[in-house]
There are 2 protein chains.
Amino acid sequence: METIKNLFRCSCPVTSAVDIVGDRWTLVIIKLMLIQHCHTFKDISESEEGIAPNILSSRLKTMLSLDLITKTHPPNNKKVNIYHLTEKGLSISPIVYDLMAWSDTYLRDEHTAMTSFDQQSISLLPREEAIDYIQEHYKASVSSVLSDDY
Amino acid sequence: METIKNLFRCSCPVTSAVDIVGDRWTLVIIKLMLIQHCHTFKDISESEEGIAPNILSSRLKTMLSLDLITKTHPPNNKKVNIYHLTEKGLSISPIVYDLMAWSDTYLRDEHTAMTSFDQQSISLLPREEAIDYIQEHYKASVSSVLSDDY
DNA sequence: TATATTTACTTTCAATTTGAAAGTAATTTA
DNA sequence: TAAATTACTTTCAAATTGAAAGTAAATATA
C-alpha cells in the first residue's frame, strides 16, 4: 500500500514555495518559457542551459501535475506539443524578474560572461511595468503559436 | 590535478541566480535568518523545517564561500557562532517576500495548514515598505545579538 | 572545582535524485 | 515512400540528500 507523502515540509509559506520551485530546473524552465518564448520540448532542449531530455520530461510532468503549465497541440498538428504557463505559473514572473535583477547587481563581478536583460528596454522600465511587459509579450507569443499554421 | 568546475551553467542572469539559490535549503535558511531571526546553528536546527545537521553544516559552508552570510562570535562567548546575512544575502529579501506572497495566493487551496505572514502588519504594508520593514528589523536583531551579554 | 549540559558540528551509510548516452515511436516533410 | 523531425523513454553511473549516531570544545551548574 502506497501513501502519497506530503509535498510540503511545514506550514511556512516561503518554505512551501521552495517545495514547489526550489530545485535546479523549475525556475529555469519557467524563465525559458516566459522570456525566451520556448514553447516546445525541442525549444527547451536546445537552450543554452543544456537540460537532458529525461530530466526535462520528468520536470514537465511534475509542473503539469502542479498546475504551473498546461500542454496542448497547435491546430492541425498532432506531433508538436505546446507547453504554456498557467496563471499560477505566470505569476512566478516577479520572482524571475527579481532573480535577474539580483544577479545583475551581485553576480557580475564573479561571472563576467553573464549577459544583461534580454531586451534592453526592460532594464529601463520600473519593476512593475517591466513585469507587465514581459507577461503581455509572453501571452501574445503563446497566442501566436496556438493560432493556425504554426 | 583538480579543476574547479564552473559554478555557472550559462550566461543567463536568471539561471545564474538559480545556480546560487536553486536548491531545497538555501532560500529556506535565508528566510529563517531574515524573518524568524535564527542566528545560530541551533536556532536553524530547531526550526519547523527540520534540517539535518550534516546538511545544514554543508549549506552554511557553501553560503559562507558565496558571501551570502558571515560567521562571528558574540562578545565574551567562544562557543556560540552567530551567522548573519551579508548585503548580498540580505538583498535576497525581495525574492523571499515574493515567494511568500505567491504561496499566499496560489498554494492556500492545496495546503490548508499553511500559515500567513509572520507579523500581520507585513501583509498590510505595500511591498517595498514591507521589505524595508523586514530588513530593518533583521538588522536590529543582529545588532542586539552581537551586543554584549547574549 | 568537578560534573553536567549545551553548542556546533562530523562521520557513516542507505536512499533518492541527477544526468549522460543511446534508443524508440509517432508524425510530418520532401 | 523515404527521410527527417519531434517527443519522448530506457539504462546505468555519479552525485546529492538525509537519517542516525557520535565527538569535541565551551559554558553552566552543583
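Quick caveat: nothing in here was measured; it's all calculated off a predicted structure. Letters go in sequence order (proteins before strands), and every chain restarts at 1.
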_Let's see if you can work this out: which of C:dT7, C:dA20, C:dA22 has an atom nearest to the side-chain heavy atoms of A:Pro53?_
C:dA22
*Start with the C-alpha distance between B:Asp98 and A:Arg127, add both sets of side-chain angles, then the distance that settles salt bridge (charged side-chain N to carboxylate O under 4.0 Å, His left out), and finish with yes or no.*
CA-CA 13 Å; B:Asp98 289 342; A:Arg127 187 186 117 101; 3.5 Å; yes
*asked:* Under 4.0 Å from OP1 or OP2 of C:dT7: is there any side-chain N or O of B:Tyr83 that close?
replied: no
*From the list D:dC8, C:dG19, D:dA7, which nucleotide is the closest neighbour of the side chain of A:Asn54?*
C:dG19
*A:Glu49 CD to C:dG19 C1', straight-line distance once rounded to whole Å*: 16 Å
*Can you tell me if the side-chain N/O atoms of A:Ser57 get under 4.0 Å from OP1 or OP2 in D:dC8?*
no
_Would the base of C:dT6 count as contacting B:Lys79 through its side chain, where contact means a donor and an acceptor less than 3.5 Å apart?_
yes
*Using whole Å, report how far CG of A:Asn81 lies from C1' of C:dA25.*
14 Å
*Distance check: side-chain N/O of B:Lys42 vs OP1/OP2 of D:dA26, anything under 4.0 Å?*
no
*Measure the distance from CZ on A:Arg9 to C1' on D:dG18 and round it to the nearest whole Å.*
12 Å
_Cation-pi check, B:Arg108 onto B:Trp102 ring (under 6.0 Å, within 45° of axis)_ = no
*Can you tell me the distance, in whole Å, between the CD1 atom of B:Ile55 and the C1' atom of C:dA8?*
16 Å
*So, is B:Lys61 close to the C:dT10 phosphate, meaning a side-chain N or O under 4.0 Å from OP1 or OP2?*
yes
*Take atom CZ of B:Phe41 and atom P of D:dT23, then tell me their distance rounded to the nearest Å.*
17 Å
*Mind calculating the distance between CG (B:Asp43) and C1' (C:dA8) to the nearest angstrom?*
12 Å
*Does B:Arg24 have a side-chain nitrogen or oxygen under 4.0 Å from the phosphate oxygens OP1 or OP2 of D:dT16?*
no
_Separation of atom NZ in A:Lys78 from atom P in C:dT29, rounded to whole Å_ = 12 Å
*Any A:Trp25 side-chain N or O less than 4.0 Å from OP1/OP2 of C:dG19*: yes
*Please report the shortest heavy-atom distance between A:Glu49 and B:Cys10, naming the atom on each side.*
OE2-SG, 3.5 Å
*side-chain hydrogen bond (donor to acceptor under 3.5 Å, both in side chains) assessment of B:Asp19 paired with B:Ser16*: CA-CA 5 Å; B:Asp19 287 332; B:Ser16 300; 4.7 Å; no
*Round to a whole Å and report the spacing from CG of B:Leu56 to P of D:dA20.*
17 Å
*Can B:Asn54 and B:Ser57 be said to form a side-chain hydrogen bond (donor to acceptor under 3.5 Å, both in side chains), step by step?*
CA-CA 5 Å; B:Asn54 55 336; B:Ser57 177; over 6 Å; no
